[in-house]
**Student:** 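Take this structure first; my questions come after.
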Amino acid sequence: ERRPVACHRVAMIGAPGVGKTALISQFQTTECINAYDRQRDVDSSEQKVSILLNGEESELYFVNCTSAKEEIDRSEPPDAFVVIYSVVDKASFQKAEQELARLLDFDMLRARPALLVGNKIDLARSRAVSTQDGKCLACTYKAKFIEVSVGINHNVDELLVGILNQIRLKKQHY
Ligand code: GDP
């Protein structure tokens, strides 16, 4: 008999152009997804990915949003916040910092994980935000940090697994 599948809502926050849409699409092609879940409504702004991790299945609903505000204002806020910037766009990094500050102000980070993601590391010669700066920002807000490239599919599966792991860890404590 199948146990009910845990569903988690994940807010993908970041400036326009940082790669949120690309990242969510890439998540949906990852190998830890069940085949039956690969077909979905591509027009929907909420997109579902099903993951089998440590023998347990979970569903993640990814919501694409430029700012955290809408998600904070919901009667039921999301289960995790993924704040994305582009390593070739300094302004997107500043925006990420503002969004993390807002999440902290609204007391969203105590019971819910936050992950800071630097995307587009394939564009190494145009890099405007160092790995160290990313790490420091994440550390300030007690967020997990990872650099990825959706373009060359680097660290995308690691990020997906990291999101689910962080959600499961926090759920144990709250
Ligand atoms: P969104 O506005 O945050 O949803 O950003 P999109 O997903 O629409 O991506 C914006 C642009 O950046 C698109 O042209 C993507 O193809 C490109 N892009 C996304 N990720 C990467 C990456 O890792 N490397 C490179 N070189 N381009 C990327």
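Side-chain atoms are counted along with the backbone in the values below, which use heavy atoms only and exclude waters and symmetry mates. Numbering of ligands and ligand atoms starts at 1, following listing order.
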**Student:** For ligand 1, which atoms have a heavy atom of Asn119 less than 4.0 angstrom away?
**Tutor:**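 Per the distance check, 19 (C), 20 (N), 21 (C), 23 (O).
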**Student:** Drop me the distance from Lys20's NZ to Met12's CE, to the nearest 0.5 angstrom.
**Tutor:**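 Answer for the NZ-CE pair, Lys20 versus Met12, is 9.0 Å.
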**Student:** To check your reading of the model: name the closest protein heavy atom to atom 10 (C) of ligand 1, its residue, and the distance in Å.
**Tutor:**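 Nearest neighbour among protein heavy atoms for atom 10 (C) of ligand 1, to 0.1 Å: Gly17 O, 3.5 Å.
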**Student:** What I want to know is whether Leu23 and ligand 1 share at least one N or O pair that is separated by under 3.5 angstrom.
**Tutor:**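 The answer is no, given that Leu23 and ligand 1 share no N or O pair closer than 3.5 Å.
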**Student:** Is it true that the side chains of Thr21 and Asn64 contain a donor and an acceptor less than 3.5 Å apart?
**Tutor:**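 Indeed, the side chains of Thr21 and Asn64 share at least one donor-acceptor pair under 3.5 Å.
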**Student:** With the 4.5 Å side-chain cut-off for hydrophobic clustering, are Tyr141 and Val18 part of the same group?
**Tutor:**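 No, because Tyr141 and Val18 fall into different hydrophobic clusters, even though each may have its own neighbours under 4.5 Å.
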**Student:** Just need the protein heavy atom nearest to atom 22 (C) of ligand 1, so name the residue and atom and give the distance.
**Tutor:**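 Protein heavy atom with the smallest distance to atom 22 (C) of ligand 1: Gly151 N, 3.3 Å.
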**Student:** Is any side-chain heavy atom of Leu23 closer than 4.5 Å to a side-chain heavy atom of Ile84?
**Tutor:**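 Leu23 vs Ile84: side chains touch.
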**Student:** Under 4.0 Å from a heavy atom of Gly19: which atoms of ligand 1 are those, numbered in the order shown and with their elements?
**Tutor:**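 Taking each heavy atom of Gly19 in turn, ligand 1 has 1 (P), 3 (O), 5 (O), 6 (P), 7 (O), 9 (O), 19 (C) under 4.0 Å.
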**Student:** Is there a protein heavy atom less than 4.0 Å away from atom 25 (C) of ligand 1?
**Tutor:**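 Given the 4.0 Å cut-off, atom 25 (C) of ligand 1 counts as touching protein heavy atoms.
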**Student:** Please classify the Asp122 to ligand 1 contact at 4.0 Å (heavy-atom distances, strictly less than): side chain, backbone, both or neither.
**Tutor:**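 Only the side chain of Asp122 comes within reach of ligand 1.
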**Student:** Would you say Gln26 and Thr29 are linked by a side-chain donor-acceptor pair, where the criterion is simply a distance under 3.5 Å?
**Tutor:**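 Result is yes, a qualifying pair exists.
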**Student:** Among all protein non-hydrogen atoms, which one is nearest to atom 7 (O) of ligand 1, and what is the separation to 0.1 Å?
**Tutor:**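 In this structure, atom 7 (O) of ligand 1 has Ala22 N, 2.8 Å as its nearest protein heavy atom.
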**Student:** Which option, Lys20, Lys120, Met12, owns the non-hydrogen atom nearest atom 11 (C) of ligand 1?
**Tutor:**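 Of the listed residues, Lys120 has the closest heavy atom.
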**Student:** So do Leu103 and Val83 actually touch side chain to side chain, heavy atoms under 4.5 Å?
**Tutor:**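 Yes, at least one pair of side-chain atoms sits under 4.5 Å.
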**Student:** Just let me know how Ile121 lines up against ligand 1, side chain, backbone, both or neither, with a heavy-atom cut-off below 4.0 Å.
**Tutor:**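 The answer is neither.
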**Student:** At less than 4.0 angstrom from any non-hydrogen atom of Leu123, what atoms of ligand 1 do you find?
**Tutor:**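 The atoms of ligand 1 under 4.0 Å from a heavy atom of Leu123 are 26 (N).
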**Student:** Nearest to atom 4 (O) of ligand 1, what protein heavy atom do you find, and at what distance?
**Tutor:**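 Here the nearest protein heavy atom works out to Thr21 OG1, 2.5 Å.
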